[in-house]
Amino acid sequence: MKYALATLCLLAACANAAADDSRERIGLVLAGGGAKGSAHIGVLKVLEELRVPIDAIAGTSMGALVGGGYAAGLTAEEMDEAVTSVDWNQLFDDDPPRAEWPMRRKEQSLHPTLGFSIGRRDGKFSLPKGAISGQEVLLYLSQLTASAEGIETFDQLPIPFRAVATDLETGEMVVMDDGPLPLAMRASMAVPGVFAPLETDGRIYVDGGLVRNLPVDIARAMGVDRLIVVKLDSNPPTRAQLSTVVGSIGQMINFVFAQNEDRSLKEVDPKRDILVRPQLGDIGSGDFNRGPEAIAIGVEAARRVADQLASLGVSPEAYAAWRASVAEQRRPVEHIDEVRVVGLERVSRDLFEPVVEQHQGKPLDRPQLKSDLNRIYGRGDFERVNYRVQRENGRNVLIVDALEKAWGPGYLSFGLGLNSDFQGDSRFGLRATYRQTWINELGGEWLSTIDLGNEPRLFSELYQPLNTAQSIFVAPYIDLFQLPLSVFEGNNRVARYDVTRYHAGLDLGTNLGRFAELRVGLVAGQVDAELDTGSPLVSQVRSNETGMRARLLYDTRDSGGLPRRGGFVDAGLFAPLESLGAEEQYFRTELQAGQAVNRGANTLLLSLRGGTAFGAEMPYYDQFPLGGFHKLSGYAIEQFRGNDYAFGSLVFQHQLTTLTPPLGKGLYIGASLEAGRQWDVIDQLNPSKTRYGSSLFFGADTWLGPFYFGLGFSGEGDTTGYVILGKP
């Protein structure tokens with residue numbers, strides 16, 4: 001039945017084409033303008049209502065996105081759905097969901113650094129190319145234009161198309177008329193300073209609006225008789241908007257766009273061409289959440305010139321035939337004969353073997369392919385990992401484009417942390433982390449961290465996988481750190497100790513899929529606990545603590561700071577052993593687990609913790625602490641210690657708003673209820689009993705790490721304030 005209908009449509013198209021040779025060819029010009037470009041979809045809706053067939057499209061930036069999708073065969077309604085249903089905040093966040101990160105990166109994210117790194121390559125340091133690399137955008141564009149996979153030139157699209165970009169090296173205009181359509185669209189919308197420039201075919205491309213934001217001449221050169229030109233108008237920015245760095249940079253870019261737009265407007269022939277000018281008002285180029293509003297404005301603008309547009313319309317039969325011919329040319333690839341990976345320099349090709357096995361010789365599963373590529377991109381080695389389909393001798397070849405970071409493989413990043421309970425315990429730190437990746441073909445990595453502040457630390461580890469799948473690894477390390485330790489008698493801080501540890505060890509580990517890591521190792525170490533101020537109520541110590549350690553970490557959370565979904569399990573063992581030279585022997589075992597569930601903007605987090613020394617008497621510095629924000633709020637940080645403990649909390653948080661990447665993920669308000677108890681304690685300091693806490697807080701998941709400003713209430717009626725940023 002479908003074949004018969006398609007045949008009838010083609011016959012009708014041919015008949016109408018023969019009868020309609022005298023019809024004027026219509027070109028469509030779509031200007032750039034960021035989120036304002038959603039108005040183009042409204043114009044397309046009116047053109048469809050008036051039965052105006054389009055024979056050629058030229059677009060710049062967002063005009064290239066809308067124009068490329070329409071040229072690939074999508075209807076205006078499909079374009080509306082594609083633009084308004086997508087989460088633009090997620091689209092502009094290069095990172096895939098945290099659940100798809102490898103376990104090593106998840107673990108490192110629990111010690112947050114700033115949201116960017118300085119790269120080091122061949123002994124030179126350099127910055128990333130832009131705030132947004134465009135990984136998610138490219139995958140989105142690939143999905144949007146799936147019906148055009150395998151074409152060689154843009155004249156082979158259902159509607160011939162041109163995208164305009166700027167050569168960053170020469171400043172020349174580049175008219176893109178062949179190659180992968182998603183790459184052309186991405187190149188055209190590479191706004192300088194926001195999107196990283198797109199490097200392909202030996203050239204570096206940025207936003208085409210710098211040279212031709214309204215490509216009237218490009219469309220006219222495609223052999224059309226008349227043009228429909230859509231220029232986007234909006235209110236000038238306010239002084240308040242211009243007072244910000246983003247606002248001032250945006251205005252300077254607007255000046256450049258406006259100058260070349262004025263030249264293009266002079267090329268519009270008022271006798272033959274039709275100019276449509278949506279008035280976007282205060283909708284800015286970054287207001288993608290206002291897409292439906294912009295589309296409605298586009299509809300309104302097109303209807304203001306409906307009489308002129310209607311003169312270009314054709315009969316219902318002729319338009320149906322044209323629409324059918326466009327639909328017939330939508331030919332998404334359904335089966336992949338070969339998978340080919342290109343672009344690799346340092347990264348092992350073995351990393352892509354699961355992608356090859358998953359898709360070669362099988363039907364093309366686009367959602368699975370996107371997930372597979374994002375998982376590889378989430379390692380942090382690549383500028384982009386995209387795909388395209390190429391037809392070779394009747395075979396469909398899936399090309400995986402893997403572009404490694406030009407500023408790697410070494411990465412220097414910085415972080416900071418603050419934790420204060422306004423009761424005399426303020427912890428702060430500055431952190432510098434250097435990560436040298438792919439030091440060998442198995443993916444060896446050297447990680448070093450220096451923390452400065454009142455919790456200084458020097459840590460260095462060589463992470464060496466033992467197979468190409470990186471499922472087994474060894475990790476020799478050194479770890480030198482100092483922690484402040486307060487001793488409380490009741491609610492009074494009576495002493496402060498400095499606890500310094502010197503550790504060197506070797507771990508043997510395995511990655512249990514994407515969500516878990518298990519390590520077991522030997523550690524040689526010494527600990528010094530020296531009195532800094534106050535009464536010596538617990539002993540000063542200098543002791544050998546050589547022994548073994550083990551850790552199982554399972555993590556599916558969507559954020560290491562303020563998760564909205566997912567869970568974690570962190571089970572650890574530290575055991576100084578007399579047989580290896582330790583002066584005291586005990587088995588310090590702790591289990592922490594949590595789960596976050598959400599509905600809409602509301603999230604509930606359940607956390608449980610417990611630890612035991614199995615009846616042994618641990619040194620005071622190794623006893624399990626309680627007290628502090630969300631660890632018995634209302635009490636001082638680490639006010640209570642014991643050889644055994646149990647703790648549980650229930651945290652509710654409501655998301656007030658999302659943050660635009662890369663600034664962060666969201667702002668929250670919330671509250672918590674907490675209860676905990678310790679056993680085998682030093683009674684003269686704090687007796688064993690069940691204690692309760694609660695809190696009210698404002699939180700933010702930011703590029704600096706999690707931020708909290710909270711008020712804690714103890715079960716005994718005490719109140720404490722907290723400020724926390726990152727992890728000191």
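Quantities reported herein were computed from a predicted structural model and do not represent experimental measurements.
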Derivation and outcome, side-chain contact (heavy atoms from CB on, under 4.5 Å), residues E334 and L364: CA-CA 5 Å; E334 297 181 354; L364 178 54; over 6 Å; no
Test log, rule salt bridge (Lys or Arg N to Asp or Glu O under 4.0 Å), inputs D282 and R290: CA-CA 11 Å; D282 65 346; R290 300 177 68 180; 3.0 Å; yes
Yes or no on salt bridge (Lys or Arg N to Asp or Glu O under 4.0 Å) for D201 and R203, after CA distance, side-chain angles and deciding distance? CA-CA 6 Å; D201 299 329; R203 304 182 79 169; over 6 Å; no
Test salt bridge (Lys or Arg N to Asp or Glu O under 4.0 Å) applied to D80 and K45, step by step: CA-CA 9 Å; D80 186 326; K45 287 186 174 185; 2.5 Å; yes
Determine whether L412 and R435 satisfy the following criterion, side-chain contact (heavy atoms from CB on, under 4.5 Å), listing intermediate values before the conclusion. CA-CA 7 Å; L412 177 65; R435 187 168 60 96; over 6 Å; no
Check the pair V229 / L214 against side-chain contact (heavy atoms from CB on, under 4.5 Å), numbers first and verdict last. CA-CA 8 Å; V229 180; L214 193 65; 3.8 Å; yes
Given the rule in the salt bridge (Lys or Arg N to Asp or Glu O under 4.0 Å) test, do R105 and D95 qualify, once you have shown the distances and angles that lead to the verdict? CA-CA 12 Å; R105 187 178 174 202; D95 257 342; 2.7 Å; yes
One pair to check against side-chain contact (heavy atoms from CB on, under 4.5 Å): R375 and R514. What are the steps and the verdict? CA-CA 9 Å; R375 187 161 57 251; R514 302 199 312 272; 2.5 Å; yes
Yes or no on side chain to side chain donor-acceptor pair (under 3.5 Å) for S672 and S695, after CA distance, side-chain angles and deciding distance? CA-CA 5 Å; S672 69; S695 71; 2.5 Å; yes
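Looking at L65 and L144, their side chains come closer than 4.5 Å, going by heavy atoms from C-beta outward. Residues R557 and L110 meet the side-chain proximity criterion, which asks for heavy atoms closer than 4.5 Å. Side-chain contact between Q143 and K370: absent, with no pair of heavy atoms (C-beta onward) separated by less than 4.5 Å. Looking at heavy atoms from C-beta onward, Y377 lies in side-chain contact with D94 at the 4.5 angstrom threshold. Inter-residue side-chain proximity for F568 and Q592 is flagged as met; some heavy-atom pair is nearer than 4.5 Å. A heavy-atom distance below 4.5 Å is not found between the side chains of D93 and E136. Within the 4.5 Å cutoff, side-chain heavy atoms of L418 are placed close to those of V723. Within the 4.5 Å cutoff, the side chain of E107 has heavy atoms near those of the L553 side chain.
In this structure, OH on Y70 lies 7.0 Å from CD1 on I57, to the nearest 0.5 angstrom. Residue L667 holds its CG atom at 4.5 Å from CG of L659, rounded to the nearest 0.5 Å. Taken from CG in N602 to CD in Q655, the straight-line distance is 10.0 Å, to the nearest 0.5 Å. In this structure, R388 CZ and R340 CZ are separated by 9.0 Å, a value rounded to the nearest 0.5 Å. Here the CG-CG distance, from N386 to L369, works out to 9.0 Å after rounding to the nearest 0.5 Å. Here the CG atom belonging to L280 is positioned 9.5 Å from the CG atom belonging to D287, to the nearest 0.5 angstrom.
In this structure, Y205 contributes its side chain and L183 its backbone to no donor-acceptor pair below 3.5 Å. In this structure a side-chain-to-backbone donor-acceptor pair under 3.5 Å is missing from S61 to G63. With hydrogens and angles ignored, the 3.5 Å screen pairs a side-chain donor or acceptor of Q135 with a backbone N or O of V385. Proximity of a side-chain donor or acceptor of S559 to a complementary backbone N or O of G561 within less than 3.5 Å is detected. Between the side chain of N511 and the backbone N or O of G513, no donor-acceptor pair lies under 3.5 Å. Using a distance-only test at 3.5 Å, with no hydrogens or angles considered, a donor-acceptor pair links the side chain of N396 to the main chain of H335. No side-chain donor-acceptor contact under 3.5 Å links W101 to the backbone of G380. For E383 (side chain) and A406 (main-chain N/O), a donor-acceptor pair under 3.5 Å exists by modelled atom type. Between the side chain of S188 and the backbone N or O of A184, no donor-acceptor pair lies under 3.5 Å. When atom types are taken as modelled, the side chain of K106 and the backbone of E100 share no donor-acceptor pair closer than 3.5 angstrom.
Of all the heavy atoms in E78 and L74, the pair that sits closest is OE1-CA, 3.3 Å. Nearest heavy-atom pair, I41 versus A76, reported as atom, atom and distance to 0.1 Å: CG2-O, 3.6 Å. Taking all atoms of both residues into account, the shortest heavy-atom contact from A671 to L696 is CB-CD2, 3.7 Å. For A148 against A72, the heavy-atom pair with the smallest separation is CB-CB, 4.1 Å. When all heavy atoms are compared, the tightest approach of P182 to L141 is O-CD1, 3.6 Å. Listed here is the closest heavy atom pair of A35 and G286: CB-C, 4.1 Å.
Look at K36 and E293 and you find no salt bridge, because none of the NZ, NE, NH1 or NH2 atoms lies under 4.0 Å from a carboxylate O. Salt-bridge annotation for E517 and R104: absent, with no side-chain N of the basic residue lying under 4.0 Å from a carboxylate O of the acidic one. The pair R303-E49 counts as a salt bridge, with a side-chain nitrogen and a carboxylate oxygen less than 4.0 angstrom apart.
No more than 12 heavy atoms of other residues, nucleotides or ligands lie within 6.0 Å of CZ in F709, so this atom counts as exposed by the packing criterion.
In this structure, K405 satisfies the cation-pi test against Y411, with its NZ or CZ atom closer than 6.0 Å to the six-membered ring centre and inside 45 degrees of the ring normal.
Note: F92 and F195 have perpendicular aromatic rings, judged against thresholds of 30 and 60 degrees for the angle between ring planes. Taking the six-membered ring where the residue is Trp, F382 and F352 present perpendicular rings, their angle passing 60° and hence far from 30°.
Partner D558 forms a salt bridge (Lys or Arg N to Asp or Glu O under 4.0 Å) with one of R98, K665, R565 and no other, that one being R565. For the side-chain contact (heavy atoms from CB on, under 4.5 Å) with L398, the lone residue among V356, V341, V339 that qualifies is V339. Exactly one of R366, R330, R331 qualifies for a salt bridge (Lys or Arg N to Asp or Glu O under 4.0 Å) with E149. That residue is R366.
A centroid separation of less than 6.0 Å is found between the aromatic rings of H630 and F697. Aromatic pair Y708/F629: ring centres closer than 6.0 Å.
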